[in-house]
Amino acid sequence: MAESLTIDAALSKEEKYKSLLPQIEALVAGETDLIANISNLVAALKQAMGFFWVGVYFNKEGQLVLGPFQGSVACTRIPYHKGVCGACYTQQQTILVPDVEAFPGHIACSSDSKSEIVVPVLKDGEVKLVLDVDSDKLNDFDKIDQQYLEQLMKLVASWY
Ligand code: SME
């Protein structure tokens with residue numbers, strides 16, 4: 001099991017994602033505990049990509065409940081119909097928000113958060129969890145983030 005990450009800070013965003021994916025696969029190899037693996041995945045994303053806030057909300061008890069994350073304290077429970085996370089849950093697809101203030105119903109866990117991407121983990125037609133990434137810069141996420149984070153969430157779906 002690999003317990004460290006090697007990501008060259010000089011790489012482009014896409015190169016960082018490409019380098020990160022196999023390292024995350026190595027990190028979780030041999031471990032079957034979902035929370036342990038998601039915790040390391042989230043930490044790896046924070047470390048490699050330098051995200052302002054990154055974490056998951058589980059579909060649990062009829063709402064979205066905070067799971068492993070890296071960043072400042074966050075709201076613990078989000079109703080299915082609320083916020084960007086709720087939109088991701090109900091639409092069962094990635095939601096890219098270039099400016100959180102322009103997104104109706106956005107839930108501000110931190111006033112420093114300016115843009116956001118939320119990606120679902122889908123298994124058998126159900127959203128198991130959503131990955132939420134926040135940035136303190138406007139318009140900080142694009143199709144590259146979407147492509148690689150969706151690929152990562154397919155890996156997470158395989159853990160269920
Ligand atoms: N902004 C999210 C809430 C979660 S925090 O950003 C960590 C939303 O609108 O669903």
Side-chain angles (χ1 to χ4, degrees), residues 5 7 13-14 16-17 20-21 23-24 27-28 33-160:
L5 285 184
I7 302 284
K13 177 164 77 176
E14 184 161 22
K16 282 182 188 166
Y17 277 121
L20 184 60
L21 285 169
Q23 294 193 61
I24 287 179
L27 200 58
V28 302
D33 187 89
L34 184 69
I35 299 293
N37 285 339
I38 290 175
S39 299
N40 262 342
L41 179 143
V42 162
L45 280 171
K46 170 79 173 175
Q47 196 182 324
M49 308 307 295
F51 291 142
F52 176 71
W53 193 96
V54 52
V56 302
Y57 283 88
F58 291 104
N59 175 11
K60 194 174 167 181
E61 299 159 5
Q63 53 197 328
L64 300 171
V65 182
L66 183 64
F69 70 96
Q70 298 270 319
S72 46
V73 293
C75 37
T76 53
R77 289 170 188 266
I78 300 176
Y80 288 148
H81 58 282
K82 287 265 171 74
V84 186
C85 292
C88 175
Y89 172 82
T90 51
Q91 294 174 34
Q92 301 205 335
Q93 63 182 22
T94 297
I95 310 282
L96 259 167
V97 182
D99 177 359
V100 295
E101 289 191 7
F103 188 94
H106 167 258
I107 301 164
C109 290
S110 161
S111 57
D112 291 331
S113 177
K114 301 275 189 281
S115 59
E116 182 163 359
I117 183 170
V118 185
V119 184
V121 168
L122 285 158
K123 181 83 173 192
D124 303 327
E126 191 190 15
V127 175
K128 295 293 195 184
L129 62 84
V130 300
L131 176 79
D132 182 12
V133 189
D134 288 11
S135 173
D136 58 357
K137 296 177 198 71
L138 281 170
N139 204 13
D140 206 20
F141 303 107
D142 56 22
K143 291 284 170 196
I144 292 175
D145 298 286
Q146 178 169 356
Q147 180 191 334
Y148 287 97
L149 293 176
E150 284 179 354
Q151 204 174 317
L152 256 181
M153 292 309 102
K154 285 203 178 95
L155 175 69
V156 174
S158 75
W159 300 343
Y160 278 89

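Treat the numbers as computed from the prediction; the structure is a model and nothing was measured. Note: hydrogens, waters and symmetry copies are ignored here, and every other heavy atom, side chains too, is used. All ligand and atom numbering here is 1-based and tracks the order in the structure.
- Remark: minimum distance from atom 5 (S) of ligand 1 to any protein heavy atom is reached at C109 SG, 3.0 Å.
- In terms of protein heavy-atom proximity, atom 2 (C) of ligand 1 is nearest to E116 OE2, 3.1 Å.
- With a 4.0 Å heavy-atom cut-off, ligand 1 is reached by the side chain of D132 but not by its N, CA, C or O.
- Contacts with ligand 1 closer than 4.0 Å are made by heavy atoms of both the backbone and the side chain of I107.
- Across all non-hydrogen atoms, the minimal contact from A74 to L66 is O-CD2, 4.0 Å.
- The environment of CD in E101 is sparse: at most 12 heavy-atom neighbours from other residues, nucleotides or ligands sit within 6.0 Å.
- Of the N and O atoms on the side chains of Y148 and E14, at least one donor lies less than 3.5 Å from an acceptor on the other residue.
- Nearest heavy atom pair, residue D140 against residue D145, reads O-OD2, 3.9 Å.
- For ligand 1 and W53, the ligand atoms under 4.0 Å from any heavy atom of the residue are 7 (C).
- Contact annotation: the side chain of F141 never approaches that of T94 to less than 4.5 Å [non-hydrogen atoms, C-beta and beyond].
- At a 4.0 Å heavy-atom cut-off, ligand 1 touches I78 through the side chain alone.
- For the side chain to side chain contact (heavy atoms under 4.5 Å, CB included) with V54, the qualifying choice from I117, V133, L149, D134 is V133, the only one to do so.
- Of all atoms in ligand 1, listed by their number and element, those nearer than 4.0 Å to a heavy atom of C85 are 8 (C), 10 (O).
- Every atom of ligand 1 is numbered from 1 in the order shown, and the set under 4.0 Å from a heavy atom of D134 is 5 (S), 6 (O).
- Remark: K154 NZ is loosely packed, at most 12 non-hydrogen atoms of other residues, nucleotides or ligands lying under 6.0 Å away.
- Heavy atoms of Y57 found under 4.0 angstrom from ligand 1 belong exclusively to the side chain.
- Atom NZ of K123 is surrounded by more than 12 heavy atoms from other residues, nucleotides or ligands within 6.0 Å.
- For ligand 1, the atoms lying closer than 4.0 Å to a non-hydrogen atom of H106 are 1 (N), 9 (O).
- The protein heavy atom nearest to atom 8 (C) of ligand 1 is V84 N, 3.3 Å.
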